[in-house]
**Q** 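A single structure is presented below for examination.
Both counts, for ligands and for their atoms, begin at 1 and track the order of listing. As a basis for the values below, the full set of heavy atoms in this structure was taken, side chains included, without hydrogen atoms, waters or symmetry mates.
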Amino acid sequence: MLKTLTSATALALLLAPAALAQAEAPGGETVFRVFIGDHAAPRITAFDLSAPESRWVFDTIGQAKLYAVAQGSAVAAVQSDAGTVQFLSSGIRLEDHGDHQDIEITEPAALPHRLDGPRPFHLVDHGQQIAINLDQGGYAEILDGAALAQGRLESRRFPQSVAHHGFVAPLGGFWLSSVAPEPEEGAEPAPRLGLQAFTAEGTPAGDLATCTGIHGEAFSGLYLAAGCAEGVLTARSGDDGIVFEMLPYPADLPAGNTTGTLLGATGMQVFLGNYGRDGLVVIDPEEAPHFRPIALPFRRVDFVLDPMQPARGFVLTEDGTLHRIDLLAAGLDGSAAVTQPYSMDGHWNDPRPRLAMAGAEILITDPREGLVRRIDAATLEDRGSIAVGGAPYNIAVVAASGHTH
Ligand code: ZN
Ligand code: ZN
């Protein structure tokens with residue numbers, strides 16, 4: 001049974017960035033500011049959903065994956081191939097006034113400092129700390145979210161024993177880091193080993209939890225979860241340090257597949273993961289059944305969770321159909337054709353649509369058409385499109401509600 005979050009957990013989650021940023025404030029103003037990274041040109045285009053004809057354009061060094069970070073006050077543009085991370089101020093700031101929040105809206109702006117390093121990749125934003133893994137550097141950069149919200153870049157390095165494609169995340173006063181084996185001369189790199197707790201200085205603070213080939217990480221409720229060859233590994237804070245639990249893939253799931261991408265819901269303790277190329281899986285970290293599969297009619301292009309409706313998600317399949325996901329039922333409860341087909345044959349980074357939520361709409365980049373499509377989340381009806389030009393690819397939305405006074 002999925003757990004709706006109550007008491008202390010719910011409070012903590014209501015303060016989580018996504019939930020906070022997308023919460024509706026009755027009588028207040030809601031802003032959706034959209035940031036689009038082009039597939040080919042080193043460029044980010046930004047606009048407000050309420051006035052999409054007004055644009056801001058920012059140059060980058062290379063292709064950028066975009067993340068709304070620091071409670072939506074900034075956007076990180078992670079450029080793996082270019083070896084750098086650039087930052088924008090989103091121009092949207094929230095100020096807590098106790099019984100309501102104020103919203104301050106200015107123009108988005110490029111921040112002057114960037115973070116250079118060998119192959120930055122996974123980014124984890126949790127508890128006012130932003131950890132960016134440098135895959136070829138053997139360390140993660142840990143940024144202070146509060147400083148970034150003020151436009152300052154304050155970072156320190158978290159050392160890893162072996163450089164690898166992995167992640168670092170804070171949990172319960174520790175730092176969890178994926179761990180890779182020592183490379184052997186002349187041999188193919190062996191799979192990553194698992195997850196381990198460390199102090200802020202990188203000293204081990206517990207045993208390695210096995211999670212072969214660890215990839216994909218997300219938080220929901222009290223848990224962090226990550227995908228492994230054997231199953232999904234969960235971690236939570238316990239009385240004597242971090243408690244790890246391996247949830248093995250059950251025999252009734254199609255054999256030979258694994259989970260390597262996870263999303264964590266904000267209002268409910270549940271994860272949505274990939275499982276095979278044409279499947280998804282709903283994961284309850286606490287109660288059995290831990291895994292409930294969802295079969296898709298075609299291979300998956302991208303999927304998102306809806307921060308406004310915790311039991312709801314959306315997935316686009318390669319035939320160009322958007323499906324609404326009911327996490328409680330572990331099934332699809334609506335489908336609509338939204339783009340031309342985008343085959344999943346070819347490289348993972350070929351230009352294909354990406355999804356983002358903007359309140360009651362799903363935004364879908366359509367790189368071949370140079371558009372962002374707007375789809376009604378309740379009816380799956382087309383609400384029109386925004387011509388961006390170029391090849392719109394990665395997308396991040398900063399959503400905020402509040403009073404201006
Ligand atoms: Zn106020
Ligand atoms: Zn990865």
**Q** If you consider just the N/O/S atoms, which atom of H122 is the closest one to the Zn ion (ligand 2)?
**A** NE2
**Q** For residues 386-395, tabulate all N or O donor-acceptor pairs below 3.5 Å that involve a side-chain atom, not counting sequence neighbours.
**A**
residue: Y393; atom: OH; partner: N349; partner atom: OD1; Å: 2.7
residue: Y393; atom: OH; partner: R354; partner atom: NH2; Å: 3.1
residue: N394; atom: ND2; partner: A64; partner atom: O; Å: 3.1

**Q** Tell me, which N, O or S atom in H97 is closest to the Zn ion (ligand 1)?
**A** ND1
**Q** Taking 2.8 Å as the cut-off, does H100 contribute an N, O or S atom near the Zn ion (ligand 1), distance below it?
**A** yes
**Q** If you count heavy atoms of other groups shown closer than 6.0 angstrom to CD of E188, is the number above 12?
**A** no
**Q** So does R119 pair up with D81, basic N to acidic O under 4.0 Å?
**A** yes
**Q** Spell out, as yes or no, whether a donor-acceptor pair under 3.5 Å connects the side chain of H164 to the backbone of V162.
**A**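 Between the backbone of V162 and the side chain of H164 there is a qualifying donor-acceptor contact (under 3.5 Å).
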**Q** In D102, which N, O or S atom comes closest to the Zn ion (ligand 1)?
**A**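 Of all N, O or S atoms belonging to D102, OD1 is the one nearest the Zn ion (ligand 1).
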**Q** For the atoms NE2 of H165 and NE2 of H215, give the angle they form at the Zn ion (ligand 2), rounded to 10 degrees.
**A**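 Here the angle at the metal atom is close to 100°, to 10°.
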**Q** Looking at Y342, is R352 sitting on its ring face, NZ or CZ under 6.0 Å from the six-membered ring centre and within 45 degrees of the normal?
**A**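 No cation-pi geometry.
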